[in-house]
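Presented below is the structure to which this report refers.
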Amino acid sequence: LFAGIQQQQGCVQRPVFRDICHRRAKKSSQFSVEIGNLFMGGTWVGFVKPVNTTNNVASSARITSVTFTLPDSFTPSTVTLTKPPFEISRTVPTTAPIKVSITLQPRNCNGQTKTCTFEHTLGFSSAVTSHIHHIPLLHGIASLPVDDDDGGVDKHTLQSVWLFTDGLANRGLTDSTAITQRALSSLAQQRNNNTPSNISLSTFGYGSDHNSSLLSGLSESCHGQYYFVEIPKQIGSAMVECLAGLLSVSATNVKLSLTGCPGADIVQVATKFQQTNTSGATTVHVGSLFADEKKDITCTVRLNSLPTAVPCEVPIIKAELTFSSPKTPAVCTSVQPVVCNVLRPLETPLNQPIPDVIDEQRNRIQAIKAMELAQQSADSGNLTVAREHLLSAKAQICSSASAGNSYCNNLVEDVTDMMAAMSSTQEYNQGGRHMAQQVSNMWGKERSCGAKKARFQNRAQCAMLGQWEGAQA
């Protein structure tokens, strides 16, 4: 099913970087203007001019144009000015309010203008009648202006948010679930879409004093990766690996739908990806897929008993795959559905060999479960039980049909390293906790995430990391 997606390579776009934290710090930035009129000797002058106030960015150059809309009794009734001074003068007084539309050029936004319209009632009882109006420039993530040389960003363009932190959520919103829900809501609002599957959030935790469970949950819910950066030397390689993966995305919004055929029920779909169940079908939301990347989705199926043997293969699962290409992100592409068939003999044949690919995935799933249980036990202070979970998984892998091949050897090696990270409370608190979270995520999503022993890197990541390491030599 995933083979068809791998042909969608060559869709690399120039990366655009935005400092969202810097922008949000200027949330109160505003542009203040004075709108009013002068009245002298029977002539009134309508004017618009910037005003210097607190948190204000004042410059006439930020005004692209000003349009005065007058009552129909004036000819012309609409006057547009494109350079200062923004003033009009008339000799006929009017009691009807005039409308003033101000078009601003937001901060470094390459043509992305903002127009605000105000009403002004002319005053003739004094020499000057005016009011100051404040125009907010930033309202948070949902209305960030576009940076210089962006060329604009289409709402379907692949985007990613990177969160860097060396601390804990100890001010403001601190509950992990609430933070994750807020992040999902913010990303959905940013994309103008009810589902944030086109935008990912990757998190980078520095040092030992951060909440890897929170960062991992954020990235997992938002189709990103969690990176544990233990020492400063790893910062560059973690960012390079993450960027190389984004630049090699061959498909977005990848969804795999599995439906049991008559006489077969899907009992469980074993995957770390998000799942939804509708109308008897289980949909796995994979998110994005890098070039050369593969995903293994295993499921348990319960078959109804048959009174007699069936002389031919019987369909048990129908699988359908949909995705969007970076070349045509607004178009949803469907791969020809695949039906899985099995023989239904009267008696189960003896000594059936288990294919290595299935046995490997059994081992991976068992190891992931053991890693999660070990983390729970270690977090509660019971490191002995944590190591027992991992030791049991290791023994099962070593006695399996696929034991000894490179895939299972890598799995055993990482389980062993995790046991070492849980050898003592000090070892676990100084980085073992974060290493365990990172390795568990890597095997769960089958995607590299900066672990010391890299697994699942694609060619683009290997090439860019090689260039980075060569530059540092």
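All values reported here derive from a predicted model rather than from experimental measurement.
Of the N and O atoms on the side chains of Glu241 and Ser448, at least one donor lies less than 3.5 Å from an acceptor on the other residue. With no hydrogens or angles considered, a side-chain donor-acceptor pair links Gln437 and Ser216 at under 3.5 Å. Side-chain contact of Ser208 with Asn429: a donor-acceptor pair under 3.5 Å is absent, judged by distance alone. The closest side-chain donor-acceptor pair between Asn441 and Gln225, if any, does not fall under 3.5 angstrom. A donor-acceptor contact under 3.5 angstrom links the side chains of Thr276 and His285, judged on distance only. Side chain to side chain, Ser160 and Ser200 meet the donor-acceptor criterion of an N or O pair below 3.5 Å. In summary, the side chains of Asp379 and Tyr428 do present a donor paired with an acceptor at a separation below 3.5 Å, with no hydrogens or angles considered. Donor-acceptor pairing under 3.5 Å is recorded for the side chains of Ser212 and His434. Neither side chain, Ser324 nor Asn253, offers a donor N or O lying under 3.5 Å from an acceptor on the other. A donor-acceptor contact closer than 3.5 angstrom links the side chains of Thr115 and Thr103. Using a 3.5 Å distance cut-off with no hydrogens or angles, the side chains of Asn382 and Ser377 do not pair a donor with an acceptor.
In this structure, Lys453 places its NZ atom where more than 12 heavy-atom neighbours from other residues, nucleotides or ligands lie under 6.0 Å away. By the 6.0 Å contact criterion, CD on Gln426 is open, its count of non-hydrogen atoms from other residues, nucleotides or ligands being 12 or less.
Contact annotation: the side chain of Lys318 never approaches that of Leu258 to less than 4.5 Å [non-hydrogen atoms, C-beta and beyond]. In this structure, Thr165 and Tyr206 have side chains that are not in contact, with every pair of non-hydrogen atoms separated by 4.5 Å or more. When side chains are defined from C-beta on, Val415 counts as touching Met371, because their heavy atoms get closer than 4.5 Å. The closest side-chain heavy-atom distance from Glu220 to Lys445 is below 4.5 Å. When side chains are defined from C-beta on, Leu391 counts as touching Met419, because their heavy atoms get closer than 4.5 Å. Residues Phe228 and Leu215 fail the side-chain proximity criterion, which asks for heavy atoms closer than 4.5 Å. Residues Leu163 and Ser202 form no side-chain contact, since every pair of their non-hydrogen atoms from C-beta on lies 4.5 Å or further apart. Using a 4.5 Å heavy-atom cutoff, the side chains of Thr322 and Thr333 are not in contact.
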Residues 266-273, side-chain donor-acceptor partners within the protein, below 3.5 Å, at least two apart:
{"from": "Thr271", "atom 1": "OG1", "to": "Phe273", "atom 2": "N", "distance (Å)": "3.1"}
{"from": "Lys272", "atom 1": "NZ", "to": "Glu372", "atom 2": "OE2", "distance (Å)": "2.7"}

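A side-chain donor-acceptor contact under 3.5 Å links Ser250 to the backbone of Leu289. Of the possible polar contacts, none joining the Ser392 side chain to the His389 backbone as a donor-acceptor pair under 3.5 Å is found. Although no hydrogens or angles enter the test, the distance criterion places a donor-acceptor pair under 3.5 Å between the side chain of Thr180 and the main chain of Ser176. The main-chain N or O of Leu168 is never found under 3.5 Å from a side-chain atom of Asn211 such that the two would form a donor-acceptor pair. Side chain of Gln234 to backbone of Glu230: a donor-acceptor contact under 3.5 angstrom is found. Judged purely by atom type and a 3.5 angstrom limit, Ser185 has no side-chain atom pairing as donor or acceptor with the backbone of Arg182. For Arg362 (side chain) and Ile397 (main-chain N/O), no donor-acceptor pair under 3.5 Å exists by modelled atom type. Side-chain atoms of Gln274 come within 3.5 Å of backbone atoms of Ser221 as a donor-acceptor pair (strictly under, hydrogens ignored). Using modelled atom types, one side-chain atom of Ser399 and one backbone atom of Ala395 make a donor-acceptor pair closer than 3.5 Å.
Between Gly404 and Asn409 the shortest heavy-atom distance is O-ND2, 3.0 Å.
Comment: Glu293 engages Lys295 in a salt bridge, judged by a side-chain N to carboxylate O separation of less than 4.0 angstrom.
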Intermediate values then yes/no, ring pair (Phe, Tyr, Trp, His ring centres under 6.0 Å), Tyr407 and Trp443: CA-CA 11 Å; Tyr407 187 93; Trp443 282 99; 5.5 Å; yes
Full working for side-chain hydrogen bond (donor to acceptor under 3.5 Å, both in side chains) between Gln396 and Asn363: CA-CA 8 Å; Gln396 179 175 322; Asn363 290 335; 4.6 Å; no
Steps toward side chain to side chain contact (heavy atoms under 4.5 Å, CB included) verdict (Val100, Thr117): CA-CA 6 Å; Val100 181; Thr117 300; over 6 Å; no
Audit row: Thr64, Leu104, side chain to side chain contact (heavy atoms under 4.5 Å, CB included) steps and yes/no: CA-CA 5 Å; Thr64 301; Leu104 299 180; 5.9 Å; no
CA sep, side-chain torsions, deciding dist, call: Arg433, Met422, side chain to side chain contact (heavy atoms under 4.5 Å, CB included): CA-CA 8 Å; Arg433 173 185 286 104; Met422 297 179 179; over 6 Å; no
Residues Met442, Asp414; criterion side chain to side chain contact (heavy atoms under 4.5 Å, CB included); working and verdict: CA-CA 11 Å; Met442 178 180 68; Asp414 286 348; 3.6 Å; yes
Test log, rule salt bridge (charged side-chain N to carboxylate O under 4.0 Å, His left out), inputs Glu413 and Arg455: CA-CA 11 Å; Glu413 187 175 8; Arg455 321 287 189 196; 3.3 Å; yes
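Under the salt bridge (charged side-chain N to carboxylate O under 4.0 Å, His left out) criterion, Asp356 pairs with no residue, sequence neighbours left out.
With respect to Asp265, the side-chain contact (heavy atoms from CB on, under 4.5 Å) criterion is satisfied by exactly one of Ile316, Asn304, Val301: Asn304. Considering Tyr227, Tyr226, Phe204 in turn, Phe204 is the only one that fulfils the ring pair (Phe, Tyr, Trp, His ring centres under 6.0 Å) rule with Phe164.
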